[in-house]
Amino acid sequence: MAYAVEVEQLSRRFGSVAAVDGLTFRIEPGEVFGVLGPNGAGKTTTVRLLNGVLAPSGGRAWVLGLDPAAHGCELRRRTGVLTETPSLYERLTARDNLHFFGALYGVAEADLPRRVDDLLALLGLSERANHKVGSFSKGMKQRLALARALLHQPDLLFLDEPTAGLDPEAARQVTAWIEQASRERGRTVFLCTHNLAEAQRLCHRVAVLDRGRLLAVGTAAELARTLWHGLWVDVDLRTRPPGALADSLRALPGVTELTLDEDRLAVQVEGEAVIPSVVATVVGQGGQVLRVNPRVYSLEEIYFRLQRERKEGAA
Amino acid sequence: MNWRTVRTLAAKDLKEVRQNRSAWIPAIVVPLLFVVVLPLAIIVAPSAAGLPGEVLLPRQGPAGMPNPLPPALMAEVAGLDDMQAWVVLMAGYLLAPFFLVVPLMFASIVGADSFVGEKERKTLEALLYTPASDRELLVGKVLASVTPAVALAWLCFLAYGLVVNVASGPIMGRVWFPPPAWWPLMLWVAPAVATLGMAATVLISARVSTFMEAYQLSGSLVVLVVGLVLGQVAGLLLLNVETTLALGLALWLVDAALLWFGVRTFTRSELIARI
Ligand SMILES: Nc1ncnc2c1ncn2[C@@H]1O[C@H](COP(=O)(O)OP(=O)(O)OP(=O)(O)O)[C@@H](O)[C@H]1O
Ligand SMILES: [Mg+2]
């Protein structure tokens with residue numbers, strides 16, 4: 001068993017809607033894997049399928065080496081899920097909620113009270129431990145739901161839009177805890193989100209979903225390379241370079257495209273290895289180089305580019 | 001089957017239902033009515049008002065008409081005086097089916113809160129993500145509604161027995177309650193009725209989305225009880241030991257059929273798709 005999650009042609013239909021449509025991807029143990037996609041992309045449905053809570057209509061999945069459709073109960077002992085809505089018992093206290101779920105997750109009776117107290121303290125809920133959850137703010141409920149997901153120390157943590165609807169400060173707190181949880185015990189994290197900055201900060205790799213289909217999967221750099229075909233390098237110059245520079249650069253092996261306006265030169269190269277010869281050529285022709293910046297695309301640019309390509313492809 | 005899981009589920013449901021006033025207020029009021037108000041109204045009020053027994057229970061129809069009560073019922077009170085016959089017939093026979101309202105109502109109230117309430121309050125999803133198996137979830141919820149319903153019915157039976165014997169002491173001159181049919185009624189039929197209320201709620205819960213809808217639908221089962229009461233008055237049946245045992249058997253068969261369907265609708269994948 002090499003992968004934490006391995007999915008092959010996984011599908012789920014609801015009537016005529018393909019909520020999840022032929023997904024194939026793999027997640028390494030210890031990886032923080034992000035799933036991005038607009039509303040209705042199939043993120044929540046995927047989490048349900050991977051936990052054996054919803055039966056697939058096609059394809060296969062192995063999660064922690066188990067088939068969720070066949071060994072759901074066994075699997076769910078080792079996964080923790082932060083659901084999209086907190087899904088807490090509002091008539092019960094925070095402590096009662098955690099005791100209830102701890103018992104269902106099989107946390108030993110002797111360990112449970114301490115485990116609950118520790119998590120309540122960690123997430124800053126100790127003072128409200130004996131209050132009914134119905135009186136909690138959205139942020140507090142989210143923290144309690146996160147505590148529930150971590151209670152049984154799962155190997156694989158699913159987070160379905162963990163910061164949706166939180167104020168910026170609460171969101172940052174939750175993100176910090178997620179970062180911490182992802183570093184403990186080699187835990188694998190499956191993070192569904194609309195928040196691109198959050199994904200950029202937390203995830204090693206991301207998958208972009210749309211209407212149940214996988215548009216792309218990889219690190220941000222890998223996705224950028226496939227989308228923009230090569231690496232763009234911005235070269236800032238002190239003065240406008242001589243007119244012949246553009247032609248000499250085009251002649252360089254490994255340079256695929258360039259634009260030059262005023263004192264700003266942008267060169268597309270096949271890889272980083274080409275950058276020194278670009279700089280040497282510019283300097284050789286009398287260009288005064290101030291800065292050389294390989295362009296880094298944000299997840300946001302990648303995401304919107306993918307969505308645009310899909311729409312153009314569909315049109 | 002993991003019994004810690006089942007126990008935890010059942011205890012949580014009961015803890016939660018205790019917080020739902022619209023659920024437990026009727027569950028307290030109805031038994032009080034049966035245990036205290038009815039026996040006093042039947043036994044104490046007529047003698048206090050000085051009503052003679054033959055007015056309450058005419059053994060002869062007016063002006064030579066036949067007795068309006070069925071002969072099988074009258075045979076049960078042969079040899080008693082009018083007032084005694086009134087007490088035994090009312091408190092011992094005609095009111096007996098009403099006691100089934102207690103387990104029926106309680107089981108359907110807790111069942112509605114536990115099966116539909118989880119959906120309504122959006123707590124079902126997290127529950128389905130736990131390692132508890134579908135069967136453990138179902139058994140936990142069944143126990144949460146059936147066990148206390150039966151316990152409550154027995155408690156009411158005990159209290160009713162005390163009230164009836166004490167209140168009718170001056171009239172009867174001995175401890176006469178319960179007539180033999182009450183034992184199978186409480187030990188055999190009451191659990192069957194509680195299970196009926198719960199099983200009906202499980203089936204209903206698949207189709208409705210609020211506690212109130214489920215409560216009202218399963219509450220309509222009370223017509224069964226009213227049917228039993230009217231059936232006795234009309235002479236269609238008499239709740240003696242044999243008929244009570246047979247009634248229980250019939251109910252258990254219906255329960256088994258309903259539960260068989262219930263188990264099929266109660267699967268995670270179906271439940272989550274309908275959240
Ligand atoms: N139980 C269901 N019955 C019918 N259709 C469903 C059901 N669950 C999901 N769908 C459909 O499947 C598609 C994917 O839904 P899903 O909830 O997985 O999306 P999502 O990516 O989580 O969206 P969001 O960002 O809004 O949470 C949607 O078109 C949705 O309407
Ligand atoms: Mg979702």
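Computation of the quantities below employed the complete heavy-atom set of this structure, encompassing side-chain atoms and omitting hydrogens, waters and symmetry-equivalent molecules. First the proteins, then the strands, lettered A, B, ... as listed; each starts at 1.
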Checklist entry - Between A:Thr83, A:Leu75, A:Leu104, which shows the greatest number of heavy-atom pairs under 4.5 Å with chain B? => result A:Leu104
Checklist entry - Given a strict heavy-atom distance threshold of 4.5 Å, which part of B:Val6 is in contact with chain A: side chain, backbone, both, or neither? => result neither
Next on the checklist: Rounded to the nearest 0.5 Å, what separates atom OG in B:Ser114 from atom NZ in B:Lys141?
Outcome noted: 3.5 Å
Item to check | Choice from A:Thr79, A:Val53, A:Thr85 maximising heavy atom contacts with chain B below 4.5 Å | outcome: A:Val53
Checklist entry - For the candidates B:Leu128, B:Leu271, B:Asn2, which exhibits the highest count of non-hydrogen atom pairs separated by less than 4.5 Å from chain A? => result B:Leu128
Checklist entry - Do A:Arg60 and A:Glu6 meet the salt-bridge criterion of a basic N to acidic O distance under 4.0 Å? => result no
Checklist entry - Out of B:Phe157, B:Trp188, B:Trp154, which residue meets the ring pair (Phe, Tyr, Trp, His ring centres under 6.0 Å) rule with B:Trp183? => result B:Phe157
Checklist entry - Taking 4.0 angstrom as the limit, do B:Asp113 and A:Arg91 come out as a salt bridge? => result yes
Checklist outcome for this item: Interface check, chain A: of B:Leu127, B:Asp134, B:Leu124, most non-hydrogen pairs under 4.5 Å belong to B:Leu127
Checklist entry - Considering only heavy atoms, which portion of A:Glu109 lies under 4.5 Å from any heavy atom of chain B: side chain, backbone, both, or neither? => result both
Next on the checklist: Under a 4.0 Å threshold between the charged nitrogen and the carboxylate oxygen, would A:Arg187 count as salt-bridged to A:Asp155?
Outcome noted: no
Next on the checklist: Does any backbone or side-chain atom of A:Phe158 lie under 4.5 Å from a heavy atom of chain B? Answer side chain, backbone, both or neither.
Outcome noted: neither
Checklist entry - Regarding B:Arg264 and the six-membered ring of B:Phe266, is the cationic atom NZ or CZ under 6.0 Å from the ring centre and inside 45° of its axis? => result no
Checklist entry - Which bit of B:Glu118 comes within less than 4.5 Å of chain A, counting heavy atoms only: side chain, backbone, both or neither? => result side chain
Checklist entry - Which bit of A:Leu88 comes within less than 4.5 Å of chain B, counting heavy atoms only: side chain, backbone, both or neither? => result backbone
Item to check | Heavy-atom proximity to chain B below 4.5 Å, by part of A:Val81 | outcome: side chain
Checklist entry - In terms of heavy-atom pairs under 4.5 Å, which option from B:Glu136, B:Arg121, B:Arg4 contacts chain A the most? => result B:Arg4
Next on the checklist: Looking at A:Phe100, I'd like to know if the NZ or CZ of B:Lys12 sits under 6.0 Å from its six-membered ring centre while staying within 45 degrees of the ring's axis.
Outcome noted: yes
Checklist entry - Would you call the rings of B:Phe177 and B:Trp182 parallel, tilted or perpendicular if under 30° counts as parallel and over 60° as perpendicular? => result perpendicular
